Number of protein chains: 2
Amino acid sequence: MGIRKNIKTKTIDQASEPTLKRLPVYILHLQELESKGAQYVSAPAMASVLEFDSTQIVKDLSVTGIKGKPKVGYNVTELRQTIEEYLGFNKKNEAFLVGAGKLGQALLSYHELQGFGIKIIAAFDVDEDKIDTQYGNTPILHIEKLGALAERLEVNIGILTTPNSVAQSTAEAMVKSGIKAIWNLTPIKLKLPNNIIVQDTSMYANVAVLLKKHHSSEKGESN
Amino acid sequence: MGIRKNIKTKTIDQASEPTLKRLPVYILHLQELESKGAQYVSAPAMASVLEFDSTQIVKDLSVTGIKGKPKVGYNVTELRQTIEEYLGFNKKNEAFLVGAGKLGQALLSYHELQGFGIKIIAAFDVDEDKIDTQYGNTPILHIEKLGALAERLEVNIGILTTPNSVAQSTAEAMVKSGIKAIWNLTPIKLKLPNNIIVQDTSMYANVAVLLKKHHSSEKGESN
DNA sequence: TCTAAATAAAGATTTTATTCTTTATTACTT
DNA sequence: AAGTAATAAAGAATAAAATCTTTATTTAGA
Ligand SMILES: NC(=O)c1ccc[n+]([C@@H]2O[C@H](COP(=O)([O-])OP(=O)(O)OC[C@H]3O[C@@H](n4cnc5c(N)ncnc54)[C@H](O)[C@@H]3O)[C@@H](O)[C@H]2O)c1
Ligand SMILES: NC(=O)c1ccc[n+]([C@@H]2O[C@H](COP(=O)([O-])OP(=O)(O)OC[C@H]3O[C@@H](n4cnc5c(N)ncnc54)[C@H](O)[C@@H]3O)[C@@H](O)[C@H]2O)c1
């Protein structure tokens, strides 16, 4: 009502989700530039390679607080590091994986993830054949040990790769164990307290978009 | 100017991408309702379970053309089938998977995907140890055979799970083989002709969002 | 048969994200 | 040293999506 409009002083560094999702694309591109020995890169130059709008790139990068120089661009290494720091990749991001099945094991062997912030230090399962074995260098433990270990090792990030049928109950158990952020790779919409961060990566959602666009384009829509 | 504003007559059935991504969530929920024997469900009822806004559900479902009845809701089975038909799950969606590594194999064993439209009928790789073996019931073939087989079997959907380093070149080979829609599970931003449908599922992007939100919430932001 | 409650559907508003425009800074050129 | 071209940065306009509001329909109950 007239007064009071900008109460959002606290949400300064809140980048939009689309922006956050583009930042890793920039990191990969910058890594490639670094490997080629490039020192500087401009937003328009990145734009032409990545096929993004150049002003959008400038906006995206500005959320990290970095400053570019007109006529020169950004220092490649500094830019990459600034983005990584902004995303928290340099913080301690140890995670537990729950559900060491096919997808879980793929993630356990996906060591590149470490370069993007997350390090899986243990996996949990209920399958006796898997429990107390190792996958790669990662131990697979009984799910009952989750709570005690999460507390002792101060782990508060969890990756959920159990079957759909137990996704909700397992997620609740993770929360009870002190997990604060869950990367949910099941297609289930989890119902959890809203102080818990949940990031969904649903294959079904992506397949749905792919198929719909595919069939629409076949029908000859301009798109 | 002045005249000509609504040139978009052709894009009638164009649902937004957020809507398309929610449709599979509805399908899963409807399947559960069916298994419980429910006949009808209303949008507000779904909303309370899924924690969505009920008017958004109504809007989402309306893109499929289905009509609900006031005071009753939607017929559960009819609604599920209508969504599935809308998304093209009942069409022939045979796909090739390229790169039969850890992630590729997880997808090959992920038979639930068939219920969501996609059936992987062959995989392709360059690793001699894998070529001409089977994974599950799916043959793994030499990448050179991709073109001929795609033509003969009329496959035009491809799943890309090769290493990052060859993602772009492999995608180009897929396009040359007649693939029209690519589900890209690498984090690489592909540059392809824009009549090719590309759906990215980047783990990095999701990890970035998760970590940023997690660290922001730790700093005590209201979010 | 009429009334009331529930809810789908359509439309309006608000919010969010992208794209466009302008301004100002910097380095290169002559 | 002055002028010019390139580009970052800030702001405005546009477009898209989500949410809110109103209307109309339909069933259940009086
Ligand atoms: N396989 C894929 O490629 C793929 C792709 C996308 C999404 N997903 C999703 O990922 C999830 C897992 O799929 P998957 O193919 O790896 O299944 P999977 O059956 O291979 O693995 C599931 C694992 O979870 C374990 N488990 C079962 N109940 C558990 C519990 N209560 N606590 C802890 N662990 C438990 C099982 O023992 C098993 O090891 C599913 O939700 C699936 O929809 C899988
Ligand atoms: N492992 C995971 O959990 C995971 C998760 C998310 C994303 N990814 C991404 O998925 C991709 C594959 O990851 P991965 O862990 O399965 O790797 P991987 O090394 O296990 O598998 C890659 C496969 O591709 C094959 N290959 C190599 N060059 C090829 C070519 N030119 N044509 C066809 N096949 C070729 C290899 O022989 C191998 O079988 C990567 O881009 C990775 O970033 C992996």
Side-chain angles (χ1 to χ4, degrees), chain A residues 1-2 4-8 11-23 25-26 38-76 78-79 82-83 205 209 213 223, chain B residues 1-2 4-8 11-23 25-26 38-76 78-79 82-83 205 209 212-213 222-223:
Chain A
M1 304 188 154
R4 162 167 352 193
K5 192 78 187 297
N6 294 27
I7 305 290
K8 36 171 68 177
T11 47
I12 285 171
D13 72 337
Q14 218 74 339
S16 71
E17 198 161 313
T19 293
L20 291 176
K21 289 191 171 181
R22 281 188 296 267
L23 291 179
V25 177
Y26 302 140
Q39 297 265 338
Y40 286 89
V41 66
S42 69
M46 292 181 78
S48 79
V49 175
L50 297 175
E51 295 181 337
F52 286 155
D53 182 89
S54 76
T55 63
Q56 182 167 71
I57 294 181
V58 171
K59 274 242 167 88
D60 286 346
L61 301 182
S62 72
V63 303
T64 68
I66 199 171
K67 300 285 174 187
K69 283 189 196 171
K71 194 79 178 154
V72 174
Y74 304 86
N75 178 295
V76 173
E78 183 194 350
L79 178 54
T82 304
I83 299 174
V209 175
K213 287 187 180 172
N223 227 330
Chain B
M1 311 229 161
R4 161 167 353 190
K5 191 80 186 294
N6 294 26
I7 304 289
K8 36 172 65 177
T11 48
I12 287 172
D13 72 337
Q14 217 76 338
S16 71
E17 199 162 312
T19 293
L20 291 177
K21 289 191 170 181
R22 282 188 295 269
L23 291 178
V25 177
Y26 302 139
Q39 297 266 339
Y40 286 90
V41 66
S42 69
M46 293 181 77
S48 78
V49 175
L50 297 175
E51 295 182 336
F52 286 155
D53 182 271
S54 77
T55 62
Q56 183 167 68
I57 294 182
V58 172
K59 274 239 169 90
D60 285 345
L61 300 182
S62 72
V63 302
T64 68
I66 199 170
K67 300 285 174 186
K69 283 187 196 169
K71 193 78 176 157
V72 174
Y74 303 87
N75 178 295
V76 174
E78 185 193 351
L79 178 54
T82 304
I83 299 173
V209 176
K212 182 61 190 167
K213 287 188 181 171
S222 65
N223 225 330

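Owing to the predicted nature of the structure, the values given are computational and were not obtained by experimental measurement. Here is how names work: the chains are called A, B, and so on, in the same order as the sequence lines, proteins then strands, and each is numbered from 1.
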*asked:* Please pick, from C:dA5, C:dA17, D:dA9, the nucleotide with the shortest atom-to-atom distance to any side-chain atom of B:Lys71.
replied: C:dA5
*asked:* Rounded to whole Å, please give me the gap between CG in B:Asp60 and P in C:dA10.
replied: 15 Å
*Could you tell me the separation between the CD1 atom of A:Ile57 and the C1' atom of D:dA10, rounded to a whole number of Å?*
18 Å
*5′-ward residue of the pair A:Pro18/A:Pro70 relative to DNA chain C*: A:Pro18
_Nearest heavy-atom neighbours spanning A:Pro44 and A:Ser54_ = CA-CB, 3.9 Å
*Mark yes when over 12 heavy atoms from residues, nucleotides or ligands other than A:Glu51 sit less than 6.0 Å from its CD; otherwise mark no.*
yes
*Distance, nearest 0.5 Å, that separates OG1 of B:Thr82 from CG of B:Leu23*: 11.5 Å
*Test side chain to side chain contact (heavy atoms under 4.5 Å, CB included) applied to B:Phe52 and B:Val25, step by step*: CA-CA 11 Å; B:Phe52 286 155; B:Val25 177; 4.2 Å; yes
*Write down the distance between CG (A:Leu79) and C1' (D:dT7), rounded to a whole number of angstrom.*
15 Å
*Under 4.0 Å from any atom of DNA chain C, heavy atoms only: list the residues of residues 38-50 of chain A that qualify, in numerical order.*
none
*Could you please spell out the steps behind the side chain to side chain contact (heavy atoms under 4.5 Å, CB included) verdict for B:Leu79 and B:Tyr26?*
CA-CA 9 Å; B:Leu79 178 54; B:Tyr26 302 139; over 6 Å; no
_To check you understand the geometry: which heavy-atom pair defines the closest contact between A:Val58 and A:Ala43, and what is its length?_
CG2-CB, 3.4 Å
_Heavy-atom nearest nucleotide on DNA chain C for B:Val58 versus A:Lys69: which residue maps closer to 5'?_
B:Val58
*What is the distance from CD1 of A:Ile66 to C1' of D:dA9, rounded to the nearest Å?*
14 Å
_Integer-rounded Å distance: D:dA8 C1' and A:Tyr26 OH_ = 14 Å
*For the side chain of B:Ser16, starting at C-beta, report the closest nucleotide among D:dA9, C:dA9, D:dA18.*
D:dA18
*Write down the atom of B:Ala45, the atom of B:Ser48, and the distance for their closest heavy-atom approach.*
O-OG, 3.1 Å
Sequence neighbours left out, cut at 3.5 Å: what donor-acceptor pairs do the side chains of residues 66-75 of chain A make with other protein atoms?
residue : atom : partner : partner atom : Å
A:Asn75 : OD1  : A:Thr77 : N            : 3.1
A:Asn75 : OD1  : A:Glu78 : N            : 2.9

*Which atoms form the tightest heavy-atom contact between B:Ala15 and B:Leu20, and what is the distance?*
CB-CD2, 4.0 Å
*asked:* If you compare every side-chain N and O of A:Arg22 against the phosphate oxygens of C:dT18 (OP1, OP2), does one of them come in below 4.0 Å?
replied: yes
*What is the distance, rounded to the nearest whole Å, between atom CG of A:Asn75 and atom P of C:dT26?*
16 Å
*Send over the distance from B:Lys21 NZ to D:dA18 C1', rounded to a whole Å.*
16 Å
Hey, what are the protein-to-nucleotides 19-21 of chain C N/O distances that come in under 3.5 Å?
residue : atom : partner : partner atom : Å
C:dT19  : O4   : A:Lys59 : NZ           : 2.8

*For A:Tyr74 and D:dA6, give me the distance from atom OH to atom P, rounded to whole Å.*
18 Å
